[in-house]
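Report on the following structure.
Computed from a predicted structure; not experimentally measured. Lettering follows sequence order; numbering is per chain, from 1.
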Amino acid sequence: MAKMATREAYGKALAKLIVEDEKIFVLDADLSKSTKTADAQAANPLRHFNMGIAESNMMGVAAGIATGGNTVFASSFAMFAAGRAFEIVRNSICYPKLNVKICATHAGITLGEDGASHQAIEDIALMRSIPNMTVIQPCDDIETTQAIRAVAKYKGPVYVRLGRSAVETVNSEDYVFEIGKGVVLRKGTKVAVVATGILVQEALKAADILKEEGVLVTVVNIHTIKPMDKNLLIDLAKTHDVLLTCEEHNVLGGLGSAVAEVVSQHHPVRISMLGIEDTFGESGTPAALMEKYGITYKHVLERIRKLLDK
Amino acid sequence: MLSKIQIEDIAKRVRINIVKMVNEAKSGHIGGSLSGVEILTTLYFNEMNINQDNIKDLERDKFVLSKGHATPLLFAVHAEKGFIPQEELMTFRKINSRLQGHPNMNYVDSVDMSTGSLGQGISAAVGMALSYKAKGLPYRVYSLLGDGETQEGIVWEAAMAAAHYKLDNLLAIVDLNGLQIDGDITKIMNPLPIDEKFKAFGWNVLTLNGHDIDALQQAYALARECKGRPTVIIALTVKGKGVSFMENDYGWHGVATNPEQFALAMKELGGE
């Protein structure tokens with residue numbers, strides 16, 4: 001199976017867009033080689049600006065550029081884009097509803113060896129709580145490429161959550177991405193696994209193992225965490241006994257919470273949440289961290305078995 | 001170009017409206033609005049290219065009120081320009097009004113950036129100026145900051161970026177009235193010397209009396225002539241300027257007048 005980090009796909013997609021669309025500006029904060037906006041800089045250095053290690057100002061500058069009718073992509077690590085610059089994102093970008101796409105890389109614990117100080121496990125919660133903000137987390141390179149094109153066309157603030165580590169390509173070449181539409185990847189009964197980001201590949205692995213045992217579970221990729229695909233979730237709630245949400249994010253405030261907000265109000269059904277259990281990460285390889293913090297396919301599988309037993 | 005007498009006449013009406021708006025709303029920021037009256041009046045009438053014909057343009061000369069609490073000042077000047085109906089000024093800070101406590105760019109065409117959280121306006125102004133440079137557009141960007149506001153770190157991030165990208169189409173003005181909500185700026189958290197700080201970041205710095213109309217207009221012209229770096233005007237002002245009992249009293253940062261105080265202020269300003 002092909003493997004590519006979503007940040008890599010972002011860099012390639014942006015490098016094309018900056019050439020195609022003269023309204024696109026790109027900002028980075030001294031991490032352009034890591035966030036991959038360096039590709040866009042190489043493609044058109046006249047509309048890529050390095051703002052230095054000053055993420056707050058980068059977001060304010062992004063807002064200012066957007067006031068002129070431009071589309072601005074601003075990148076840094078998720079920790080700094082969503083964390084450090086939160087209030088500027090809130091007041092200078094979301095409140096005036098400016099056309100800024102915050103493409104934050106190195107989200108979650110799979111950032112790896114840099115450790116907890118750099119591992120954003122709160123960014124989905126932060127970003128989705130701001131009015132006017134759209135929150136997207138693509139699960140592979142194909143989805144990322146399409147998502148970046150889609151958000152460039154969409155008018156308004158968007159937070160795109162991208163990862164450092166290579167992820168498996170789960171979508172086919174003819175895949176079509178649409179903001180706000182969840183994707184049903186496997187159809188089953190009783191348990192519906194609702195996953196986002198790197199947990200989509202893990203959920204599929206778990207589902208495939210169960211399939212060999214004759215057990216079919218539903219697997220859904222929720223790439224748009226806000227606005228949530230309400231109709232799909234209500235449909236899943238009506239046709240399954242339990243929903244299992246899976247994410248590389250704190251179980252507080254992330255995908256699980258977003259799903260629960262919809263389901264509990266429209267068609268209450270049991271929900272189980274798999275994610276980072278309200279704890280900081282640490283240094284280690286992405287694989288070792290996923291293992292220790294309980295977000296591999298094995299953990300998804302074990303949780304599904306428990307849910308089926310009850 | 002309006003004459004000095006015409007500018008003075010507008011400034012007088014702006015002061016009256018500032019006091020009226022805050023009195024009517026029973027809240028708002030009088031002191032820091034009154035200190036910036038000459039700065040903003042000269043800017044809008046004799047410096048910026050902004051009028052009814054280009055007001056809706058996404059790209060034109062822009063002004064960012066980084067000290068976003070000075071909305072009475074901003075809206076009163078916009079009313080003088082005809083951007084906001086005079087009678088609408090009295091809806092300021094009331095429910096369903098376009099005239100929010102801090103400016104919202106989506107409600108009023110003449111508001112070029114939503115501000116209020118200190119330090120962020122100058123950052124957005126840098127973005128505007130940067131995009132004009134990148135696109136080869138001739139427009140200029142102006143931003144008014146408070147002196148206390150320079151305590152925010154983002155101001156200096158923005159200052160560094162503006163000099164780095166040689167934004168000579170950007171003019172920042174610091175309304176140095178010496179007072180912030182809790183008191184004297186030098187006692188709360190001394191940001192002085194502000195001029196030396198901007199110089200160190202690579203800016204062209206001009207210092208003047210912020211109530212001197214001629215000096216302000218000369219400085220705007222000098223800023224236009226300065227190439228290769230942004231300009232900041234350190235405008236020495238009096239908080240509460242024009243109303244004797246408000247002048248240099250930090251207590252008038254964000255409170256409204258009672259009926260007696262309002263009557264006295266109107267009398268001093270020559271209002272009704």
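Atom NZ of B:K56 has 12 or fewer neighbouring heavy atoms from other residues, nucleotides or ligands inside a 6.0 Å radius. Within 6.0 Å of NZ in A:K230 there are 12 or fewer heavy atoms belonging to other residues, nucleotides or ligands. Around NZ of B:K199, the count of heavy atoms belonging to other residues, nucleotides or ligands within 6.0 Å exceeds 12. No more than 12 heavy atoms of other residues, nucleotides or ligands shown are found within 6.0 angstrom of CZ on A:R84. Within 6.0 Å of NZ in A:K16 there are 12 or fewer heavy atoms belonging to other residues, nucleotides or ligands. When the shell of 6.0 Å around CD of A:E22 is examined, it contains 12 or fewer heavy atoms from other residues, nucleotides or ligands. Summarising the local packing, NZ of B:K166 is surrounded by 12 or fewer heavy atoms from other residues, nucleotides or ligands at distances under 6.0 Å.
Counting heavy-atom pairs under 4.5 Å between each of A:R90, A:E87, A:M51, A:M59 and chain B puts A:E87 at the top. For the options B:V64, B:N106, B:L130, B:V141, heavy-atom pairs under 4.5 Å to chain A are most numerous at B:L130. Counting heavy-atom pairs closer than 4.5 Å to chain B, the top-ranked of the candidates A:A62, A:P96, A:A63, A:G69 is A:P96. Per-residue counts of heavy-atom pairs under 4.5 Å with chain A were compared for B:H102, B:M128, B:R60; the largest is that of B:M128. In terms of heavy-atom pairs under 4.5 angstrom with chain A, the leader among B:N104, B:D57, B:V126 is B:N104. When each of B:A158, B:A161, B:A125 is scored by its heavy-atom pairs under 4.5 Å with chain A, the top score falls to B:A158. Residue with the most contacts toward chain B among A:N70, A:I53, A:L46: A:N70 (heavy-atom pairs, distance under 4.5 Å). Taking B:H164, B:M160, B:K62 one by one and counting their heavy-atom pairs under 4.5 Å with chain A, the maximum is reached by B:K62. When each of A:A66, A:S56, A:G52 is scored by its heavy-atom pairs under 4.5 Å with chain B, the top score falls to A:S56.
To the nearest 0.5 angstrom, B:Q100 atom CD is 5.0 Å from A:Y95 atom OH. Taking NZ of A:K97 as the reference point, atom OG of B:S114 lies at 13.0 Å (rounded to 0.5 Å).
Nearest heavy atom pair, residue A:N50 against residue B:Y165, reads O-OH, 2.7 Å. In plain terms, the two heavy atoms of A:N91 and B:S117 that are nearest each other are ND2-CB, 3.6 Å.
Side-chain contact between A:V61 and B:E157: absent, with no pair of heavy atoms (C-beta onward) separated by less than 4.5 Å. At a threshold of 4.5 Å between non-hydrogen side-chain atoms, the residues B:M113 and A:S92 count as touching. Put simply, the side chain of B:D112 does not reach to within 4.5 Å of the side chain of A:T67, judged on heavy atoms.
With a 4.5 Å cut-off on non-hydrogen atoms, A:F25 touches chain B through its side chain but not through its backbone.
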